[in-house]
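Chain identifiers are assigned alphabetically (A, B, ...) following the order of the sequence lines, protein sequences preceding nucleic acid strands; residue numbering begins at 1 within each chain. The figures that follow rest on heavy atoms only: side chains count, while hydrogens, waters and symmetry mates do not.
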2 protein chains.
Amino acid sequence: MQPRPRTIPEATVARLAVYLRVLTTLADGGRSTVSSGELASAAGVNPAGLRKDLSHLGPCGVRGVGYDVGALRDRLTGVLGVGSSRACVLVGIGNLGSALADYAGFGTRGFEFVALFDASPARIGQRVGDLEVRALDELEDVVTETGASIGVITTPAEVAQSVCDRLAAAGVRSILNFAPVTLAAPAGVDVRKVDLSVELQVLAFLGQQRVPAGVGESA
Amino acid sequence: MQPRPRTIPEATVARLAVYLRVLTTLADGGRSTVSSGELASAAGVNPAGLRKDLSHLGPCGVRGVGYDVGALRDRLTGVLGVGSSRACVLVGIGNLGSALADYAGFGTRGFEFVALFDASPARIGQRVGDLEVRALDELEDVVTETGASIGVITTPAEVAQSVCDRLAAAGVRSILNFAPVTLAAPAGVDVRKVDLSVELQVLAFLGQQRVPAGVGESA
DNA sequence: GGGACTTTGTTCCTGCGTTCACAAGCGGCT
DNA sequence: AGCCGCTTGTGAACGCAGGAACAAAGTCCC
């Protein structure tokens, strides 16, 4: 029986993850308490917004003092499910895939890559990090064995949909897609897309919009 | 008298970039016209929303027919500033940095990496893609010479703020940050953050929230 | 030439996210 | 013990994004 509503806005969840990171850093630095203002500043958000985000977890601070760094960190760890490690599979071991497989930031945040897949025979058998690249044929079996619930797609765009279908059919419930295509997945499977060139284009557009080209524009 | 208001929402800009990609694919496939419904389906958005997004550019479709693929593509290319190639510098040539430097998707979308930097002497001088990794000391000079307006940070978190400061001081107006820290930049400099582990955490949370504890779910 | 169908562009509305501002609660000081 | 200042937590207003429905416009067919 959760006294708190089980619906936490996605935008809030994303920020909670950022708070958790900042808190970890603070804890390592020996800090015992933080105020919402300082935490908000470190996370780059509004103090009031931070308090509202945290209010979704129920009261977890002390008025007049602030938040206990360790306690809040543990609270966030629990809510975000970082405590229990989650099995992930990574499909497409190109440059980006290799980078992700090697990225240490995942292991310390409750995510563990349990298998790497690639279609290219030249890649199969290579070691990346501490895993061996496996043939794509084994995907379904490995997902079933390991119970992996998260799949990461870093394949070329052409095969991403096919990989998505196979992951979903094998039982993966959440997919993080780096391929530059919009994936269709069955109901019950979440797909989240990260498009690097879109990020760059938005950035470029904002910059260009700010300074069109010497057009008589005040500010 | 600008026919189009110069304020286009960021969310819309991000989608415009997606539309542009889809249109390019369609054009390569020989299609000459598209309806908003089909384009929206390919982009994974609502048809009405797509038309609203496109309305920010002024009328660019033909009623009863649809959109001319080539014309709309060119229109988006112009608005997003993809036509003129933009010089970018990349700082931090680890796994992720190397992947980005090699990523072909940027070059074809109006972005050109003109220099790669790293602090590690072991990295300096190595070739990644068709560029040579340069010493971080040269950062200011190279930015000035090339007039680079965009910087991409893929360094460890500890040095990201320092790199950000130097990029901003050197004249870079837009920064894409992959380091897991919140950067502070002077006014007039846009910072956009991509946090891979946050993406994974949000995904994991949504999945966990959907199925709290094996609740029967009829897809 | 006229009518009807198709598709765009627009307008309204609903809901969400964000921000501001205030009341409640706790610690420290006198 | 009482007061004061500080900080959290919450309530309300604002603005924005998303979605649905409607009118305008152009084309195809008869």
Are any protein N/O atoms closer than 3.5 Å to N/O atoms in nucleotides 10-12 of chain D? If there are, list each pair with its distance.
residue: D:dA12; atom: N6; partner: A:K52; partner atom: NZ; Å: 3.0

*Starting at the 5' end of DNA chain C, which residue's closest nucleotide do you reach first, B:S35 or A:V65?*
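Nearest nucleotide further toward 5': that of B:S35.
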*Would the number of heavy atoms belonging to other residues, nucleotides or ligands and lying under 6.0 Å from CD of A:E140 be above 12?*
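Counting neighbours around CD of A:E140, more than 12 heavy atoms of other residues, nucleotides or ligands fall under 6.0 Å, so yes.
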When you measure from the side chain of [X] to the backbone N and O of [Y], does any donor-acceptor pair fall under 3.5 Å?
X      : Y      : answer
B:T154 : B:G92  : yes
B:T77  : B:R73  : yes
A:Q161 : A:A184 : yes
B:R21  : A:V198 : no
B:S98  : B:G94  : yes

*Scan residues 12-20 of chain B against DNA chain D and write down, sorted by residue number, each residue with any heavy atom closer than 4.0 Å; if none is found, say none.*
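By residue number: B:R15.
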*Atom CG of A:D53 to atom P of D:dT8: distance rounded to whole Å?*
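Roughly 14 Å, once rounded to whole Å.
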*Using atom CG of B:N46 as one end and atom P of D:dA21 as the other, report the distance to the nearest whole Å.*
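That distance rounds to 11 Å.
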*asked:* With heavy atoms of chain A within less than 4.0 Å as the criterion, where does contact along DNA chain C begin and end?
replied: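 Reading along DNA chain C, I get C:dG17 to C:dG27.
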To the nearest 0.5 Å, what is the distance between [atom1] on [X] and [atom2] on [Y]?
X      : Y      : atom1 : atom2 : result
A:N177 : A:L183 : CG    : CG    : 4.0 Å
B:L54  : B:R15  : CG    : CZ    : 11.0 Å
A:R51  : A:S35  : CZ    : OG    : 9.5 Å

*NA contact type, B:G49, heavy-atom cut-off 4.0 Å: base, sugar-phosphate, or nothing?*
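Since no nucleic acid heavy atom lies under 4.0 Å of B:G49, the category is nothing.
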*Pick from A:D195, A:L200, A:V194: which one makes a side-chain contact (heavy atoms from CB on, under 4.5 Å) with B:V194?*
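Going through A:D195, A:L200, A:V194 one by one, the side-chain contact (heavy atoms from CB on, under 4.5 Å) with B:V194 is satisfied by A:V194 alone.
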*Distance-only donor-acceptor check, side chains B:Y19 and B:D53, under 3.5 Å*: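 Checked: B:Y19/B:D53 side chains pair up, N/O donor to acceptor below 3.5 Å.
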*Are A:S36 and D:dT8 close enough that a side-chain N or O sits under 4.0 Å from OP1 or OP2?*
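It does, given that an N or O in the side chain of A:S36 lies less than 4.0 Å from OP1 or OP2 of D:dT8.
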